[in-house]
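First up is the structure itself, then whatever we jot down about it.
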Amino acid sequence: MMLRCFRAKKTSMDADRDLEELTTMVASLRRHLQRMERAGIRNLSIARDADGKAPEPSQASWLRGVEGGLFSDHAEACRATSLEELRAAIGDCRRCKLWPGRTHLVFGVGNPQAHVMFIGEGPGRDEDLQGEPFVGRAGQLLTDIIVKGMGLGREDVYIANVVKCRPPENRNPEPDEVEACEPFLLRQIELISPRVIVALGKFAVQTLLKTKAPITRLRGVWHEFNGIKIMPTFHPAYLLRNPGDKKLVWQDIKKVIEELRTPVT
Ligand code: URA
């Protein structure tokens, strides 16, 4: 009898707590939906395949950490099944403080099935104006590396940045800006699934590998990023200031060419 009374009392306390939790969840959901609306996402839909089945969310273990759930600002983007869907899910992004200064969000360009992906830091002035990564002076140098050095076209590779909006005065992106954009880059990499990533400069490689090691120590040797080979090298903008180091970049790019020529086992 005692036990039953105790149980009954506990159940009513549980109900109070459940109600409190539910109220908190509803408030949290409301805030999340308002954020999505501000980010330009006005409809929530569950995409279905031809058989009417909803696709599985990503199984990649490294994405699970950033995938978030119902309350994440990135959930829809992380479930995108194509680059077009990913771009649409990013929308008129206002997830960090860079959006008021941008002309264009610079998503990325190139072959969605590229074997090699170049990742820079963030758009500069020319990229912001044109909406395409690496189109300014540093971009011309990168294009030379791709075309003259590797014998490929820009349309054969994929080019993207860690952050998709231009930081003011070309300053380094700040940690909260990287955090807001990182799930998009990770999904972009997962969708492209390149054989090789060339990380351009200290910022890209340090972000991807979560290290503070200097680019001088990281460059020129293979690293691994979630099962993908990554070759860090100097940023083309650095090469404009230090043309003497172009030979080092060429050494790094030769390793990339060799890797791409190696048959996949
Ligand atoms: N520098 C970068 O890191 N990215 C660009 O798109 C242009 C310059």
Side-chain angles (χ1 to χ4, degrees), residues 83 86-87 90 93 96-99 101-112 114 116-147 149-150 152-182 184-189 192 194 196-212 214-216 218-219 223 225 230-243 245-246 248-249 252-253 256:
L83 292 175
L86 177 60
R87 177 62 193 90
I90 295 173
C93 188
C96 84
K97 58 189 181 300
L98 292 179
W99 75 266
R102 73 165 177 245
T103 313
H104 290 105
L105 186 149
V106 181
F107 177 68
V109 73
N111 180 351
V116 55
M117 181 170 180
F118 291 85
I119 301 179
E121 178 175 321
R125 188 171 156 274
D126 295 303
E127 291 75 19
D128 173 63
L129 290 174
Q130 294 183 44
E132 186 172 326
F134 284 99
V135 289
R137 278 184 68 222
Q140 186 52 55
L141 193 46
L142 177 62
T143 305
D144 284 348
I145 291 170
I146 295 166
V147 176
M150 303 177 78
L152 298 170
R154 270 174 76 99
E155 67 285 359
D156 298 317
V157 304
Y158 198 91
I159 308 172
N161 282 306
V162 172
V163 295
K164 314 288 184 215
C165 296
R166 183 193 181 196
E169 312 306 325
N170 295 345
R171 65 155 168 75
N172 279 349
E174 292 176 355
D176 58 317
E177 295 155 3
V178 174
E179 197 187 319
C181 231
E182 200 174 16
F184 306 139
L185 177 65
L186 298 185
R187 188 66 183 142
Q188 226 169 0
I189 295 171
I192 295 161
V196 172
I197 291 173
V198 180
L200 298 166
K202 149 188 139 157
F203 193 83
V205 65
Q206 288 185 345
T207 302
L208 290 170
L209 297 184
K210 303 277 178 245
T211 174
K212 292 263 178 258
I215 182 72
T216 43
L218 296 167
R219 64 146 284 276
H223 300 259
F225 175 75
I230 173 163
M231 174 58 71
T233 194
F234 289 125
H235 193 286
Y238 165 87
L239 291 184
L240 290 173
R241 300 188 300 272
N242 302 275
D245 279 345
K246 281 185 187 173
L248 296 178
V249 171
D252 306 344
I253 294 297
V256 173

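Small disclaimer: the values here were computed from a predicted structure and weren't measured. Ligands are counted one by one from 1 in listed order, and the atoms in each one are counted from 1 as well.
Pairing each heavy atom of T211 with each of V205, the nearest pair is CG2-O, 4.4 Å. Across every non-hydrogen atom of L200 and F234, the tightest pair is CD2-O, 4.3 Å.
Not a single heavy atom of E132 sits under 4.0 Å from any atom of ligand 1.
Numbered from 1 in the order shown, with element, the atoms of ligand 1 that lie under 4.0 Å from a heavy atom of E121 read 2 (C), 3 (O). Using a 4.0 Å cut-off to heavy atoms of H235, the atoms of ligand 1 that qualify are 1 (N), 2 (C), 3 (O).
Using a 4.0 Å cut-off between heavy atoms, E127 contacts ligand 1 through its side chain alone, with no backbone atom that close.
Atom CG of L98 is separated from atom CG of D176 by 8.0 Å, given to the nearest 0.5 angstrom.
Listed by first and then second residue, the salt bridge (charged side-chain N to carboxylate O under 4.0 Å, His left out) pairs that reach into residues 163-174 are K97-E174, R171-E174, R171-E177, sequence neighbours excluded. Note on residues 121-132: pairs passing salt bridge (charged side-chain N to carboxylate O under 4.0 Å, His left out), not counting sequence neighbours, are E132-R154.
Distances from atom 5 (C) of ligand 1 to the heavy atoms of G120, P133, G122 put G122 nearest.
Shortest contact from atom 4 (N) of ligand 1 to any protein heavy atom: N161 OD1, 2.8 Å.
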